[in-house]
Amino acid sequence: MSGSPLRVAVLGAGTVGREVVHALLDRRDELASADGASLVLSAVAVRNVERAVAAGYPASMVSDAPAHLVADPDIDVVVELMGGDEPAHTLIAAALSMGKSVVTANKHVVAHHGAELEATARRTGGVLRFEAAVGGGIPVLGPLATDLAANRVERIRGIVNGTTNFILTAMTDPASPFEFEAALAEAQRLGYAEADPSGDVEGLDAVNKLVILARLAFDAWLDPAAVATRPDGADGPAGPGITTVSLADQQDARRAGRIIRLVATASAGDDGEIQAAVLATALPLESALGRTSGVRNRIEVDAVPVGRIGFDGPGAGGAATSSAVLGDLMAIARGAGSTWGARPSATGPTGDPVTRPDRPVLIAASGIRYPIDD
Ligand SMILES: NC(=O)c1ccc[n+]([C@@H]2O[C@H](COP(=O)([O-])OP(=O)(O)OC[C@H]3O[C@@H](n4cnc5c(N)ncnc54)[C@H](OP(=O)(O)O)[C@@H]3O)[C@@H](O)[C@H]2O)c1
């Protein structure tokens, strides 16, 4: 090990934060690399301090004042695991403006404020890492930015939201197919869907992840609000995301050898125009994406010269997601930079992404025209 220890503050100790805190306390030696600084957990921010202390967190470490921890000169690295827009956005921006390193799993903040945060990090020399924001435990952003850097990405697409994929899988269970509402209720019962599931089922969570993937693939920050989520366009009969996918439509797709899944896709045309959409899409039953079931995620990159690469695995869950957060922390301890690595700067939001108007479709009995894909 080399250099002074890095003092870490973890903001948020919920599903993901709890796993990260325990790993930093219990597995410190395992997380230390031979050629990096050691990581020392110095503070944990929560809303309810009493509850955190009762749960076994050292009282001297717990705080309900995350802004104080960010401003504390004794904190080198901020790990933001609170979620939501504010105060997470302001805390991350403040840490970067002080030149600190930040690790976050917050896809909302990275997708909506990425251009601003990237500009700040580049200006101050701060580091921003966000592998956990896409695909939970699946390493995909790092490989895109580094190992695949010699490629030109033509298209990136994937199943990036476990909640909607669980619901669509339950609807196609041959033993007992569920209607949408019953499948959603089952997802909520099992803890895969939140009490307010709109961000997932309307496709907004997947849009955030697509914006982040597109940043690494095409060096542009897209405006999340401009990414289409309705398969039939703004005026068509289909609602956003999977909100109008019915059991009958799934059965129509199955008769055509297909299955409807929520697919996030971004591609770049020869003119540099970026096409991006998150659409309920009819895929071949036997394709790798079609076979991706339940809460698993899969992301595919089509690039030249490598061809197609697939990244598959657990897209959520505290333990799996902590793998990506801790990997980012260890990278910082080794002196690695931000997740975008050596890729060119991306400003933005850039011009609105467009949806391909001429995609072949599967017309279900409901009248909804689902795009088809390979
Ligand atoms: N869960 C997953 O599987 C998963 C996967 C990938 C990415 N993520 C992302 O990871 C982040 C965290 O998700 P999560 O599921 O762990 O959330 P969570 O279970 O709701 O935990 C949030 C934590 O943040 C704390 N918190 C919230 N607002 C705060 C504030 N203003 N001041 C201090 N503490 C505050 C909460 O404290 P109290 O407990 O005291 O209220 C809680 O400890 C989110 O950005 C999420 O999108 C989650």
Side-chain angles (χ1 to χ4, degrees), residues 9-23 43-57 59 61-71 78-92 94-95 102-114 117 128-141 160-166 187-188 190-200 204-209 211-213 224 294-297 299 313-329 339:
V10 177
L11 315 184
T15 306
V16 182
R18 182 184 311 127
E19 298 286 340
V20 171
V21 167
H22 282 299
V44 180
V46 294
R47 270 183 298 225
N48 188 330
V49 170
E50 266 176 42
R51 198 174 56 195
V53 173
Y57 290 85
M61 256 186 206
V62 184
S63 162
D64 59 1
H68 289 175
L69 301 183
V70 168
V78 172
V79 182
E80 186 281 308
L81 298 170
M82 303 188 307
D85 188 63
E86 292 294 355
H89 163 227
T90 299
L91 294 167
I92 294 171
V102 176
V103 177
T104 183
N106 193 327
K107 52 245 172 187
H108 172 89
V109 163
V110 178
H112 285 77
H113 306 286
L117 296 175
L128 178 61
R129 295 189 68 93
F130 44 90
E131 180 65 63
V134 180
I138 307 170
V140 59
L141 303 182
V160 291
N161 180 271
T163 306
T164 47
N165 207 53
F166 176 88
Q188 284 170 323
L190 293 170
Y192 295 145
E194 293 177 26
D196 174 4
S198 51
D200 290 318
L204 304 178
D205 175 80
V207 165
N208 288 339
K209 292 163 176 169
V211 167
I212 297 169
L213 288 167
V295 293
R296 287 184 79 76
N297 283 190
I299 296 134
T321 305
S322 77
S323 158
V325 173
L326 293 164
D328 273 347
L329 270 173
T339 293

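These figures come from a predicted structure and were not determined experimentally. Whatever order the structure lists them in is the order used to number ligands and atoms, beginning at 1. The chain is numbered in sequence order, starting from 1.
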Original post:
Please walk me through it: do His89 and Glu86 pass side chain to side chain donor-acceptor pair (under 3.5 Å)?
Top reply: CA-CA 5 Å; His89 163 227; Glu86 292 294 355; 2.9 Å; yes
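To the nearest 0.5 Å, atoms CG (Asn106) and CD1 (Ile92) are separated by 5.5 Å.
With respect to Thr104, the side-chain contact (heavy atoms from CB on, under 4.5 Å) criterion is satisfied by exactly one of Val79, Leu81, Leu128: Leu128.
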Can you list, pair by pair, the side-chain donor-acceptor contacts under 3.5 Å of residues 43-52, counting residues two or more places apart and other chains?
| from | atom 1 | to | atom 2 | distance (Å) |
| --- | --- | --- | --- | --- |
| Asn48 | OD1 | Glu50 | N | 3.4 |
| Asn48 | OD1 | Arg51 | N | 3.0 |

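Within 4.0 Å of ligand 1, protein heavy atoms belong to Gly12, Ala13, Gly14, Thr15, Val16, Ala45, Val46, Arg47, Asn48, Arg51, Pro66, Leu81, Met82, Gly83, Pro87, Ala105, Asn106, Lys107, Ala132, Ala316, Gly317, Thr321, listed by chain and number.
Applying the salt bridge (Lys or Arg N to Asp or Glu O under 4.0 Å) test to Arg296 and every residue at least two apart in sequence or in another chain returns Asp312. Here Asn165 pairs with Arg261 under the side-chain hydrogen bond (donor to acceptor under 3.5 Å, both in side chains) rule; sequence neighbours left out.
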